[in-house]
Amino acid sequence: DKQSGARQFPRYQPAMNANSRGLMLLRSDLYQALDKDQLSVVYQPKISLRTGLIVGAESLLRWKHDSLGMISPETFIPLAETSGLIEPIGEWVLATASAQRKCWQREGVPPFLLSVNLSGRQLHQAMLADKIKHILDVSGIEPTDLELEITETFLIQDIDNSVKLLNELKALGIKLSIDDFGTGYSSLNYLNRLPIDTLKIDRSFVKELPQSRERLDLVRNVIQLSHDLGMSVVAEGVETQAQLDTLNTLNCDEIQGYFYSPPVSAGQFRALLENQPLI
Ligand code: C2E
Ligand code: CA
Ligand code: CA
Ligand code: CA
């Protein structure tokens, strides 16, 4: 009858239920991840197309859960953002990567620009610039050795507020980069109001090079206009020689991607830095 039918087909899909319950459990585990030493930072090199040398590295967060193993940042960063954890976690990444950068500097490892991702949520934090300055002071690295990557989608939500905030950050002497450019449907002229040093072309655009004529023209224009506006350009997600050759022809400044190296541990990154040919 109707009633038993209703019992057989519950309103809530079990899978959906398990999934949201899973996320809730994961969120509570994330609270302990820092204390339990489950977080780490990996580094992905950025290569100058002009010299072929490593000029920078993006710090990327990793979480090794005790029973579930590696959890993707695509899963846990949004969790951190909606649970107030992104501030302490973001500060931990910045402090850890800066301390590592300083340690290598003391040991005579070749210098490079250290990039750290800043979540849009962190930009809402009161006294963000003061906090970053404090972390820089504690680590002892030069502000000019640090770059913060901020996603385009966040910056365009409230452009007036972004201008104000980014100017505060710029005043510290650090560099700023627009991350995932191309995914936010904004124009470069619009973003020109922001004090940005570098633009990162999103992987989804690089992926279709050089086959897509349309994407090729778009990337060429973005690079040209960025240069006109005094910004350098990094292409992310470069996986093939053909993509590299194309970006070279288009005058892109730097590349980042599996073609050269995936994100690697601190020890492996140090080895990459030390083993590259010197000019
Ligand atoms: P993102 O900032 O765009 O970082 C680049 C992502 O692309 C990284 O994924 C990197 O491993 C991956 N990648 C690099 N080269 C290639 C390639 O050639 N092919 C492909 N298919 N992928 C490539 P990851 O480490 O899984 O991070 C994913 C996202 O999580 C990041 O995207 C960033 O938005 C966020 N994230 C990671 N670490 C942090 C962090 O410390 N703070 C914040 N706020 N977000 C972070
Ligand atoms: Ca990034
Ligand atoms: Ca990116
Ligand atoms: Ca991306």
Side-chain angles (χ1 to χ4, degrees), residues 30 33-34 38-47 54 56-64 69-101 113-125 128 131-132 135 146-155 169 175-184 196-209 222 233-244 246-247 252 254-266 268-269 272:
L30 190 54
L34 259 178
Q38 293 173 348
L39 299 182
S40 60
V41 178
V42 288
Y43 301 86
Q44 186 175 35
K46 297 183 189 180
I47 321 301
I54 298 172
E58 178 174 6
S59 337
L60 293 157
L61 189 56
R62 293 293 176 261
W63 178 19
K64 192 168 183 218
M70 295 305 293
I71 314 253
S72 166
E74 313 261 12
T75 303
F76 73 80
I77 293 287
L79 278 183
E81 286 175 333
T82 52
S83 56
L85 279 170
I86 194 66
E87 285 90 357
I89 288 178
E91 285 174 21
W92 181 84
V93 174
L94 181 59
T96 303
S98 301
Q100 182 65 79
R101 172 75 179 71
L113 181 65
L114 174 70
S115 297
V116 175
N117 289 287
L118 198 69
S119 155
R121 291 264 166 171
Q122 285 177 273
L123 282 181
H124 286 302
Q125 210 178 347
L128 177 67
K131 281 178 180 143
I132 290 172
I135 294 172
L146 177 71
E147 174 184 70
L148 296 176
E149 297 189 4
I150 308 168
T151 56
E152 180 199 9
T153 33
F154 176 79
L155 292 175
L169 295 176
K175 299 194 169 77
L176 297 175
S177 119
I178 302 187
D179 205 355
D180 300 339
F181 183 78
T183 57
I196 297 287
D197 303 278
T198 305
L199 182 144
K200 291 188 82 175
I201 298 179
D202 192 64
R203 184 167 82 220
S204 56
F205 291 82
V206 173
K207 209 175 165 179
E208 292 176 54
L209 298 180
V222 166
V233 181
V234 179
E236 64 176 27
V238 177
E239 296 183 354
T240 68
Q241 179 75 55
Q243 289 167 348
L244 190 153
T246 308
L247 290 159
C252 184
E254 294 167 28
I255 57 151
Q256 179 184 349
Y258 297 164
F259 182 75
Y260 190 87
S261 169
V264 294
S265 70
Q268 287 169 306
F269 181 68
L272 284 177

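Note that the structure is predicted; figures quoted are calculated from it, not measured. The analysis underlying the following values was restricted to heavy atoms, covering all of them including side chains, and did not include hydrogens, waters or symmetry mates. Atoms within each ligand, like the ligands themselves, are counted from 1 in listed order.
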| query | Would T151 count as a contact for the Ca ion (ligand 2), in the sense that one of its N, O or S atoms lies under 3.0 Å from it? | reply | no
| field | D180 N/O to ligand 1 N/O under 3.5 Å | value | yes
| query | Out of the N/O/S atoms in E149, what is the name of the one closest to the Ca ion (ligand 2)? | reply | OE1
| message | Regarding K207 and Q243, do their side chains bring together a donor and an acceptor under 3.5 Å, going by distance alone? | response | no
| Worked verdict on L114 versus E147 for side-chain contact (heavy atoms from CB on, under 4.5 Å) | CA-CA 6 Å; L114 174 70; E147 174 184 70; over 6 Å; no
| request: Would you tell me which option among I77, L118, T183, V93 has the nearest heavy-atom contact to atom 45 (N) of ligand 1? | output: I77
| said: Is it the case that the side chain of E236 and the backbone of D180 share a donor-acceptor pair, with hydrogens and angles ignored and the cut-off at 3.5 Å? | reply: no
| field | Atoms of ligand 1 close to E236 [distance to a heavy atom under 4.0 angstrom, numbered from 1] | value | 3 (O)
| said: Is there a polar contact, in the sense of an N or O pair closer than 3.5 Å, between E149 and ligand 1? | reply: no
| field | Per-atom contacts, ligand 1 versus R203 - under 4.0 Å to a heavy atom | value | 6 (C), 7 (O), 12 (C), 13 (N), 19 (N), 20 (C), 21 (N), 22 (N), 23 (C)
| request: Decide whether the shortest distance between a heavy atom of E58 and an atom of ligand 1 is less than 4.0 Å. | output: yes
| request: For S59 and S115, indicate whether the former's side chain and the latter's backbone hold a donor-acceptor pair under 3.5 Å. | output: yes
| Close side-chain approach of H124 and F154, heavy atoms under 4.5 Å | yes
| said: Just so I know, are the side chains of W92 and V41 near enough to count as touching, which here means a heavy-atom distance under 4.5 Å? | reply: yes
| Any K175 side-chain heavy atom under 4.5 Å of T198 side chain | no
| field | Proximity to ligand 1 by part of N117, non-hydrogen separation under 4.0 Å | value | both
| Of the backbone atoms (N, CA, C, O) and the side-chain heavy atoms from C-beta on, which set of Q256 has a member under 4.0 Å from an atom of ligand 1: side chain, backbone, both, or neither? | neither
| query | D179: which N/O/S atom is nearest the Ca ion (ligand 3)? | reply | OD1
| Any idea which N/O/S atom from E58 gets closest to the Ca ion (ligand 2)? | OE2
| said: Only heavy atoms of E74, strictly under 4.0 Å: list the atoms of ligand 1 that pass. | reply: 28 (C)
| query | Looking only at heavy atoms of G90, does any of them come nearer than 4.0 Å to an atom of ligand 1? | reply | no
| message | What I want to know is whether Q122 and ligand 1 share at least one N or O pair that is separated by under 3.5 angstrom. | response | no
| message | Within this structure, what is the CZ-OG1 distance for the pair R203 and T183, rounded to the nearest 0.5 Å? | response | 11.5 Å
| task | Under 4.0 Å, heavy atoms only, figure out whether ligand 1 is touched by the backbone of L61, its side chain, both or neither. | result | both
| query | If you take all heavy atoms of R121 and E87, which pair is closest and at what distance? | reply | O-OE2, 4.0 Å
| query | Between E58 and K46, is there a salt bridge with N-O shorter than 4.0 Å? | reply | no
| E236 atom (N/O/S) at minimal separation from the Ca ion (ligand 3) | OE1
| task | Run the numbers for me: atoms of ligand 1, each under 4.0 Å from some heavy atom of D179, listed by number. | result | 2 (O)
| field | S119 and Q122 side chains, donor-acceptor separation under 3.5 Å | value | no
| Just wondering, do P263 and Y43 contact through their side chains at under 4.5 Å, heavy atoms? | no
| Between S119 and ligand 1, which part of the residue brings a heavy atom under 4.0 Å of the ligand: side chain, backbone, both or neither? | both
| request: Check each atom of ligand 1 against the heavy atoms of E239 and keep those under 4.0 Å away; list them by number with element. | output: 17 (C), 18 (O), 19 (N), 20 (C), 21 (N)
| query | What pair of heavy atoms forms the shortest contact from L94 to S98, and how long is it? | reply | O-OG, 2.6 Å
| remark: Here the atoms of ligand 1 under 4.0 Å from any heavy atom belonging to G257 are 15 (N), 18 (O)
| task | Over all heavy atoms of both residues, which pair between L60 and N117 is shortest? Give the atoms and the distance, please. | result | CD2-ND2, 3.7 Å
| Which ligand 1 atoms, with their elements, are less than 4.0 angstrom from a heavy-atom of P263? | 11 (O)
| message | Can you name the atoms of ligand 1, numbered from 1 with element, that are less than 4.0 Å from a heavy atom of V238? | response | 18 (O)
| said: When you compare ligand 1 with Q44, is there at least one nitrogen or oxygen pair between them that comes in under 3.5 angstrom? | reply: yes
| request: With the side chain counted from C-beta on, respond yes when K200 and I178 share a heavy-atom pair under 4.5 Å apart, and no when they do not. | output: no
| note | Here the N/O/S atom of D180 closest to the Ca ion (ligand 3) would be OD1
